[in-house]
4 protein chains.
Amino acid sequence: MTTAAEPEARRSPRPRADALRNRERIVAAAREIFVEEGPEAPLDEIARRAGIGNATLYRHFADRNALVLDVVLSVLSSTADRAEAAAAQEGDPFAALRAFVHAAADERIGALCPMLSGSFSFDRADLRAARARLEGDIEGLMERARQAGRLRTDVAVGDLMVALSQLTRPLPGTGCLNMDQFVHRHLQLFLDGLELPARSVLPGSAATLEDLRRATS
Amino acid sequence: MTTAAEPEARRSPRPRADALRNRERIVAAAREIFVEEGPEAPLDEIARRAGIGNATLYRHFADRNALVLDVVLSVLSSTADRAEAAAAQEGDPFAALRAFVHAAADERIGALCPMLSGSFSFDRADLRAARARLEGDIEGLMERARQAGRLRTDVAVGDLMVALSQLTRPLPGTGCLNMDQFVHRHLQLFLDGLELPARSVLPGSAATLEDLRRATS
Amino acid sequence: MTTAAEPEARRSPRPRADALRNRERIVAAAREIFVEEGPEAPLDEIARRAGIGNATLYRHFADRNALVLDVVLSVLSSTADRAEAAAAQEGDPFAALRAFVHAAADERIGALCPMLSGSFSFDRADLRAARARLEGDIEGLMERARQAGRLRTDVAVGDLMVALSQLTRPLPGTGCLNMDQFVHRHLQLFLDGLELPARSVLPGSAATLEDLRRATS
Amino acid sequence: MTTAAEPEARRSPRPRADALRNRERIVAAAREIFVEEGPEAPLDEIARRAGIGNATLYRHFADRNALVLDVVLSVLSSTADRAEAAAAQEGDPFAALRAFVHAAADERIGALCPMLSGSFSFDRADLRAARARLEGDIEGLMERARQAGRLRTDVAVGDLMVALSQLTRPLPGTGCLNMDQFVHRHLQLFLDGLELPARSVLPGSAATLEDLRRATS
DNA sequence: TATGAATGAGATTTCATTCAT
DNA sequence: CATGAATGAAATCTCATTCAT
């Protein structure tokens, strides 16, 4: 939930409500447009969607990269929220992991992929913290599933994050909308590859195991 | 479809060997650069890599989209070649499918994703034919694996193609190179989710099944 | 801050001490920054250096030109102070002129040059007065030197002012600091061209005359 | 006279006459406009004066600095031409030096000053060569005058170059035109400070010496 | 035909100035 | 009255596409 860009000392006594609102609007608009058009989308269009002038955008974000970083921060934060909500669920640990993965897709986490490449730097402490929080949350979900014998032990948190990002990555120009139906299906298939059958199941035919496995999803 | 038997119309008096070579060079250079820099790469850079002037590129391709279409055609064709080579393999049908998937990754098929979006159109007959050929080839591989009881029956050819594309999609700016190690790993995990155990395996513990599964890759 | 003592006329109810102080701070900051960065320096930077908000700057000065005019006024005034201090010196009148010229360089009078061009206007009475005062002061110094036979009679006050401005004009980006050593040397050479030998010196060899001349500096 | 920007090997067999003409036009227009408006003048205006599109300017010069460097080169070269012409003169060596200084003013050498500051670098070999050539030419003129006993021996080539630059430095916005009358006068005064009387003159009154001195100019 | 050159449209970014708190 | 925020206009630079050699 930390969306503040400057984690340093408070210069201005009051950040002025309308400026904060504008800043949030810009990040929200940028997030939408990055999802729809990719990270090369014109900043003017973002400003237009946010309902402000282009120079206002530059008052809040020194350059494109600064805006991208805050969008990344926003997505990391809301995705971590999802992970923590999933962890709070009762019941089968692998089901919780599945629930998180599909929820993360709805956060459009895949739109981050191209932003994490190239000149991306995790210099800022808030970014490092957000990433660490998300990784910790996911690792928690995975570890619970591993302890329950429901997750392959040879799969690391990075494997899941990269695959999740790539499989939910939007195509530029399409707004990603027509892919939605497929995305969840592909995530499901991928998770199927990570899952181990529930322990309580007695050894039986492979066909039976597979049937059980599929039934859990 | 011109079988070169008809000296009739004066359409293309002679394709002129060097012009053909130039055209191929351009497509090859474009394919490389699209993989390295994404589909927004400057056309001048493509011309430079091809060793020709930029205007020559425009003599062969009316605009960026025409070039993209030919690159798509090129990738579809060489990927279909891979699929047919995999189909020619003896042995386990699922192993053949795996072999194809990893080979397709080496064709950088993921670089096509962004090109298929937006203004992309499958108007041209040659494109439709190339896509149909590739889909037919993959469907053949999958059907053989299904018949052998090695592939889940609820997975369609489109599922595999989209997942394959997304998981191998390069990140802009990175040249995709540092991801190579991960790409094959993620493909493997995804295929694990599609695979059914070989029929001949006797019922055993789940751990044993998993070990076998992993051993096949 | 409002001591609320005089409810008299509503013209300028009171200049309010802090407002006056702000105005002076702005002019001082502007003068520094104009010297360091030239007359195109961003006004926001001036406001920052003055320790106030940019809008406050605009409350005091309608536009950039109004600020420039007050900086000109400031430099003219402090330079005239220097001229009057030099005039108060005892001794050789040409030495007094020299003292003034070098002192004026320390006032960074050369930074004014670009401000005097272009849209500059001497509309304001206070500016005309300040310029007249400075010209009068310099003319006084020169006339005394002329009367003493120490200054060429074909050199006017304008000659000296322009040359002084140009030779001390700062280079943008350098902060003028690394030129300081040269500036005084060039002023000295220039003044050498204006000087006549002291009357009391008997006719002698040119070399001797030159030695004397140099000894005075 | 070397105006080529790339002293390396010849890539293109023919530089194409119209492109060369454009390049020269751009440099000429830039030189004019830098003199009139200073080195911050909009590049679009330069392109307009040169009669070309703005992108053409960027084809020839990667950025503003590259253009500035070529203007510097142009001014250094034509000024060195002037110095060599002055050196070819018969007669009094100091008169030759004077002739050069006034000729250099007509080359607007002072417009270089702001361009030599800040991020300026003499990286390019052609620039170093042009500067060395000019310095050598001026040193030659000065040394001849020193040998003839007509120039103060405590004045170096750098002194003359900086003073010459500063005294002829144009004011932005004015086009420097209204200053022309003064510029030559101030150069004359400055040179008067560097001059020693002709050796043949017998010792006499200072007034007489001065009269002679003035008569030479 | 192939090419280097030219071009206009668009993107990013800066800054003087105005607005609202 | 003082301020941070907002804004539009302008400047730099890029790039797809057309032109002329």
Side-chain angles (χ1 to χ4, degrees), chain A residues 11-23 40-47 50-67, chain B residues 16 18-19 22 40-48 51-65 67, chain C residues 1-2 13-16 18-19 22 40-48 51-65 67, chain D residues 11-23 40-47 51-67:
Chain A
R11 277 294 154 67
S12 48
R14 263 176 302 165
R16 231 171 94 165
D18 58 343
L20 275 184
R21 194 173 51 240
N22 273 344
R23 190 183 179 91
E40 318 282 326
L43 296 191
D44 280 17
E45 192 178 343
I46 293 172
I52 57 163
N54 63 347
T56 301
L57 193 153
Y58 280 94
R59 160 166 292 272
H60 288 283
F61 304 97
D63 54 12
R64 169 179 228 99
N65 199 51
L67 175 58
Chain B
R16 243 176 75 169
D18 59 343
N22 274 346
E40 318 281 327
L43 295 191
D44 280 19
E45 193 177 342
I46 293 173
R48 206 176 321 120
I52 58 161
N54 60 351
T56 303
L57 190 154
Y58 279 92
R59 177 157 298 276
H60 287 284
F61 303 97
D63 55 10
R64 166 178 229 103
N65 197 52
L67 174 58
Chain C
M1 303 300 171
T2 60
R14 225 172 328 155
R16 241 173 78 168
D18 59 342
N22 273 347
E40 318 281 328
L43 295 191
D44 281 18
E45 193 178 341
I46 293 173
R48 208 177 319 122
I52 58 162
N54 60 351
T56 304
L57 191 153
Y58 278 91
R59 177 158 298 276
H60 287 284
F61 303 97
D63 55 9
R64 167 179 229 102
N65 198 51
L67 174 58
Chain D
R11 277 297 155 68
S12 49
R14 265 175 302 165
R16 234 170 90 166
D18 58 343
L20 276 184
R21 194 174 51 241
N22 273 343
R23 190 185 178 92
E40 316 282 326
L43 296 191
D44 281 16
E45 192 179 343
I46 293 172
I52 57 163
N54 63 349
T56 302
L57 192 153
Y58 281 93
R59 161 166 290 272
H60 288 284
F61 304 96
D63 54 10
R64 167 179 230 101
N65 198 51
L67 175 57

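Lettering of chains follows the sequences in order, A, B, ..., and the numbering in each one begins at 1.
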**Q** For Ile52(C) and dG4(F), give me the distance from atom CD1 to atom P, rounded to whole Å.
**A** 10 Å
**Q** Measure across Ala66(D) and Ala62(D) and return the closest heavy-atom pair with its distance rounded to 0.1 Å.
**A**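 Looking at all heavy atoms of both residues, the closest pair is CB-N, 3.9 Å.
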**Q** State whether His60(D) places a side-chain N or O below 4.0 Å from either non-bridging phosphate oxygen (OP1 or OP2) of dA6(E).
**A**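 It does, given that an N or O in the side chain of His60(D) lies less than 4.0 Å from OP1 or OP2 of dA6(E).
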**Q** For dA9(F), which nucleotide is its Watson-Crick or G-U wobble mate, given both distances must be under 3.5 Å?
**A**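 Answer to the pairing question: dT14(E), which forms a Watson-Crick or G-U pair with dA9(F).
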**Q** Ignoring hydrogens and angles, tell me if any N or O in the side chain of Asn54(A) forms a donor-acceptor pair with the backbone of Leu57(A) under 3.5 Å.
**A**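 Between the backbone of Leu57(A) and the side chain of Asn54(A) there is no qualifying donor-acceptor contact (under 3.5 Å).
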**Q** Specify the separation, in whole Å, of atom CD of Glu40(A) and atom P of dT12(E).
**A** 9 Å
**Q** Using a 4.0 Å heavy-atom cut-off, does Arg64(C) contact any base of the nucleic acid, only the sugar-phosphate backbone, or nothing at all?
**A**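 Since only primed, P, OP1 and OP2 atoms lie under 4.0 Å of Arg64(C), the category is sugar-phosphate.
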**Q** Please pick, from dA5(E), dT3(F), dA11(E), the nucleotide with the shortest atom-to-atom distance to any side-chain atom of Pro42(A).
**A**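 Nearest listed nucleotide: dA11(E).
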**Q** Consider the side chain of Leu43(B), meaning its heavy atoms from C-beta on, and name the nucleotide among dT3(E), dT17(F), dA11(F) that approaches it most closely.
**A** dT17(F)
**Q** Roughly, in whole Å, what's the span from CD1 in Ile46(D) to C1' in dA11(F)?
**A** 12 Å
**Q** Touch check for Ala41(B), heavy atoms < 4.0 angstrom, all strands: base, sugar-phosphate only, or nothing?
**A**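 Contact class for Ala41(B): sugar-phosphate only.
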**Q** Nearest to the Asn54(A) side chain among dA16(E), dT13(E), dT18(F), which nucleotide is it?
**A** dT13(E)
**Q** Please state how far atom CG in Asp63(C) lies from atom P in dC15(E), giving the value in whole angstrom units.
**A** 18 Å
**Q** Rounded to the nearest 0.5 Å, what separates atom CZ in Phe61(D) from atom OG1 in Thr56(D)?
**A**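 Reported to 0.5 Å precision, the distance equals 11.5 Å.
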**Q** Whole angstroms only, please: what is the CG-C1' distance between Asp44(A) and dA10(F)?
**A** 13 Å
**Q** Output yes when at least one side-chain N/O atom of Thr56(D) is less than 4.0 Å from OP1 or OP2 of dT7(E), else no.
**A** yes
**Q** Using Watson-Crick or G-U wobble geometry with both distances below 3.5 Å, tell me the partner of dA20(E), or none.
**A** dT3(F)
**Q** For Gly51(C) and Tyr58(D), find the nucleotide of DNA chain F closest to each by heavy atoms; which residue's nucleotide sits nearer the 5' end?
**A**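 Its nucleotide being nearer the 5' end, the pick is Gly51(C).
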**Q** Using heavy-atom distances to pick each residue's nearest nucleotide on DNA chain F, tell me which of Ala55(A) and Asn22(C) is more 5'.
**A** Asn22(C)
**Q** Rounded to whole Å, how long is the line connecting atom CZ of Arg59(C) with atom C1' of dT17(E)?
**A**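 Atom CZ in Arg59(C) sits about 14 Å away from atom C1' in dT17(E).
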**Q** Just the rounded figure in Å: distance from P of dA11(F) to CG of Leu57(D).
**A** 14 Å
**Q** Measuring from atom CG of Leu43(C) to atom CZ of Arg64(C), what distance do you get when rounded to the nearest 0.5 angstrom?
**A** 4.5 Å
**Q** Distance check needed: dT3(F) C1' versus Asp18(A) CG, whole Å only.
**A**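 Asp18(A) atom CG is separated from dT3(F) atom C1' by 12 Å.
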